[in-house]
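Heads up, the thing below is written out as structure tokens.
Within every chain, numbering begins at 1; the chains are lettered A, B, ... in the order of the sequence lines, protein sequences first and strands thereafter.
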Amino acid sequence: MDQNASGEDSDNIDWDTEDELEIQSSPLPSSSRLTYPDGEATVGDAEVISTTDLSHSKLINHFVGMGFPEELVAKVIEENGNCSVTLPALENSPRQEQPVDSDHYSSDYYENFADDLSDSDSWCEDEENTDSLSGKEKALSFLKKMGYTMEEASIAMERCGPDASVDELTDFICAAQMARAADPFFPELPEKPKRKLLENGMWKRKKHRGCDSRTMFDEEPLRLPNPMIGYGVPTELCPTPYRNLPEAAAGPPYFYYENVALAPKGVWDTIKRFLYDVEPEFVDSKYFCAAARKRGYVHNLPIQNRFPLVPLPPRTIKEALPLTRRWWPAWDTRTKLNCLQTCIGSAKLTERLRKALEDCYDDEPPAHVQKYVMDECRKWNLVWVGRNKLAPLECDEVEMLLGFPKNHTRGGGISRTDRYKSLGNSFQVDTVAYHLSVLKDLFPGGINMLSLFSGIGGAEVALHKLGVPLKTVVSVEKSEVNRNIVRGWWEQTNQKGTLIDFDDVTRVDGDQLEQLISNIGGFDFVIGGSPCNNLAGSNRHHRDGLEGKESSLFYDYFRILDLVKCIMAKPN
DNA sequence: AAAACTATGATTAGCTGA
DNA sequence: TCAGCTAATCATAGTTTT
């Protein structure tokens with residue numbers, strides 16, 4: 001077999017990363033303190049941070065940053081010391097069922113809030129009256145009394161787990177409500193005529209009503225760039241632009257979030273708003289390898305002086321899969337594969353294609369057959385493996401295209417089906433590594449990393465290939481086979497640092513994070529790509545957007561990142 | 001019980017010519 | 001400006017085989 005002959009034995013390369021990797025146990029550096037410009041006027045950071053749940057304080061700042069009047073936020077905080085009570089007070093406002101109707105954008109929009117705060121005092125009493133119930137019933141009952149629907153409450157219970165505190169539950173519901181309220185295209189919202197009116201005329205008119213009326217609704221919807229090269233790719237010559245990060249986005253820690261670019265409308269606007277208003281960087285991995293992979297990345301990393309992994313991977317199908325070259329007909333003009341997904345084409349399909357081609361004598365097939373074959377080839381990423389023979393990619397070919405070492409996902413008890421699934425859900429290593437390359441100079445002594453939704457370890461592999469020493473990796477991954485893959489890779493590559501496993505992001509709480517941060521001296525980097533199941537176009541059944549069963553775990557990414565930011569900012 | 005196998009559209013965005 | 005077209009898409013559910 002000469003399919004390895006291209007010299008891609010990346011797992012055999014000496015990466016010269018044998019620096020001493022001492023684990024630090026020093027106290028938090030006071031220099032890592034953050035400032036929160038959003039809340040500086042009326043929301044006293046010090047007081048808010050001292051309340052029970054740190055993430056709430058930043059949520060408050062978000063409300064201010066998103067256009068809620070500071071007076072209102074401040075007032076609510078004054079009335080209720082605990083953020084977890086004040087946030088629902090804000091969110092039970094008209095915003096929840098806010099129709100996209102120009103009538104509701106009048107200047108008295110916020111004046112309605114005052115009325116909705118009227119019974120906020122009674123919540124605390126209700127909390128004490130439910131002691132006799134079980135934990136779950138108690139929480140449900142409490143949430144119901146707070147004005148949440150049973151549906152919201154039970155979704156939150158399911159998402160946050162049975163042992164979640166009321167604070168965590170309300171936190172989750174608030175996040176979901178914020179998303180729902182902020183999404184002008186949310187399903188239960190108005191019929192089309194009004195929407196059109198808004199898009200065509202009313203939208204712009206509102207924008208010119210002065211800075212005071214600036215709200216989240218005024219933002220232009222995000223558009224995907226064409227070409228999809230983000231702030232630049234190694235193979236396209238263009239100067240790196242300068243970008244101005246929002247102050248609230250600044251680290252520590254550095255963070256990096258990933259998900260599918262082609263999500264339902266409004267999803268990326270929501271993601272952006274939660275992640276400190278950082279503009280997503282949309283990049284297609286076809287500029288890094290032989291397969292397309294359109295993804296959005298939200299991060300606060302520097303974008304100057306990036307460098308790619310070398311050697312550069314093959315960037316055409318024929319270079320990546322040289323054995324297929326001799327079978328490739330001239331009328332199949334593909335040079336790149338489409339997105340590598342979690343499932344492959346069936347044998348029945350390739351049989352149908354073979355028969356359709358064999359019926360065409362020995363000449364070129366007629367146009368309609370060519371179109372039929374090409375449509376299926378593009379849909380299922382088929383490659384030519386013989387005369388009239390098409391086939392889906394093998395697991396190891398997917399591994400290679402995604403930038404993983406050969407056999408990275410092989411063996412150790414994982415089925416072939418699960419290999420495709422895990423690979424299809426992974427990062428493209430070269431793409432991510434290009435973005436993360438700036439960490440090498442920033443952390444020559446290595447990094448402490450929090451890796452959420454780690455999967456098969458795309459982030460870890462990328463950093464290792466870059467030569468960034470991994471001091472501590474706290475990895476959170478639900479799938480046991482995936483955790484085994486990362487653990488196996490960790491040992492096989494003779495990592496000198498520490499790998500710590502968790503299995504459930506919804507169970508990661510502030511106490512655990514405080515403990516971890518105090519032990520390792522803080523996280524330098526938080527990375528994760530949350531589930532795309534409910535965002536991806538391939539999902540026929542439950543493409544429910546960010547509120548979907550799995551994709552709503554995005555809010556846990558935000559929650560955990562925000563907790564880390566707050567803990568790291570806290571003077572110690 | 002686990003793994004393999006197979007059938008199953010809709011939502012976007014971009015392009016083009018009327 | 002817009003209907004009509006091309007094109008892409010980190011998947012799920014049900015069934016069969018191992």
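For A:Glu319 and A:Arg315, the salt-bridge test fails: no basic side-chain N is under 4.0 Å from an acidic carboxylate O. Between A:Lys272 and A:Asp269, no side-chain nitrogen of the basic residue sits less than 4.0 Å from a carboxylate oxygen of the acidic one, so the salt-bridge criterion is not met.
Within 4.0 Å (heavy atoms only), A:Arg295 reaches at least one base atom of the nucleic acid. Within the nucleic acid shown, A:Arg352 comes within 4.0 Å of sugar-phosphate atoms alone, with no base atom in reach, counting heavy atoms only. A:Arg543 comes within 4.0 angstrom of a nucleotide base, judged by non-hydrogen atoms across all strands. Using a 4.0 Å heavy-atom cutoff across all strands shown, A:Ala263 reaches no nucleic acid atom at all. Note on A:Cys343: a base of the nucleic acid sits closer than 4.0 angstrom, heavy atoms only. Residue A:Arg293 is in base contact, counting any heavy-atom pair closer than 4.0 Å across all strands shown. In this structure, A:Lys421 reaches neither bases nor backbone, as no heavy-atom distance under 4.0 Å exists between it and the strands shown. At the heavy-atom level, A:Ser530 lies under 4.0 Å from base atoms of the strands shown.
Atom name C1', nucleotides B:dG9 and C:dA8: the rounded distance is 13 Å, in whole Å.
Counted by atom type alone, A:Tyr420 and A:Arg416 present one or more donor-acceptor pairs between their side chains at under 3.5 Å.
Within a 6.0 Å sphere centred on NZ of A:Lys336, other residues, nucleotides and ligands contribute more than 12 heavy atoms.
Ranked by how close their nearest DNA chain C nucleotide is to the 5' end, A:Asp375 and A:Ala261 are led by A:Asp375.
The shortest distance between side-chain heavy atoms of A:Val461 and A:Val432 does not fall below 4.5 Å.
Put simply, chain A comes within 4.0 Å of DNA chain B, heavy atom to any atom, from B:dA3 to B:dG14, going 5' to 3'.
Here A:Arg410 pairs with A:Asn407 under the side chain to side chain donor-acceptor pair (under 3.5 Å) rule; sequence neighbours left out.
Figure legend. C:dA11 is base-paired to B:dT8; pairs are counted as Watson-Crick or G-U wobble with both atom distances under 3.5 Å.
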Requested in this report: Evaluate the side-chain contact (heavy atoms from CB on, under 4.5 Å) criterion for residues A:Lys294 and A:Leu224: first the C-alpha distance (whole Å), next the side-chain angles of each, then the deciding distance (0.1 Å), finally the verdict.
Outcome: CA-CA 10 Å; A:Lys294 297 173 181 61; A:Leu224 299 177; over 6 Å; no
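Phosphate proximity of C:dT9 to A:Gln341: absent, as no side-chain N or O sits under 4.0 Å from OP1 or OP2.
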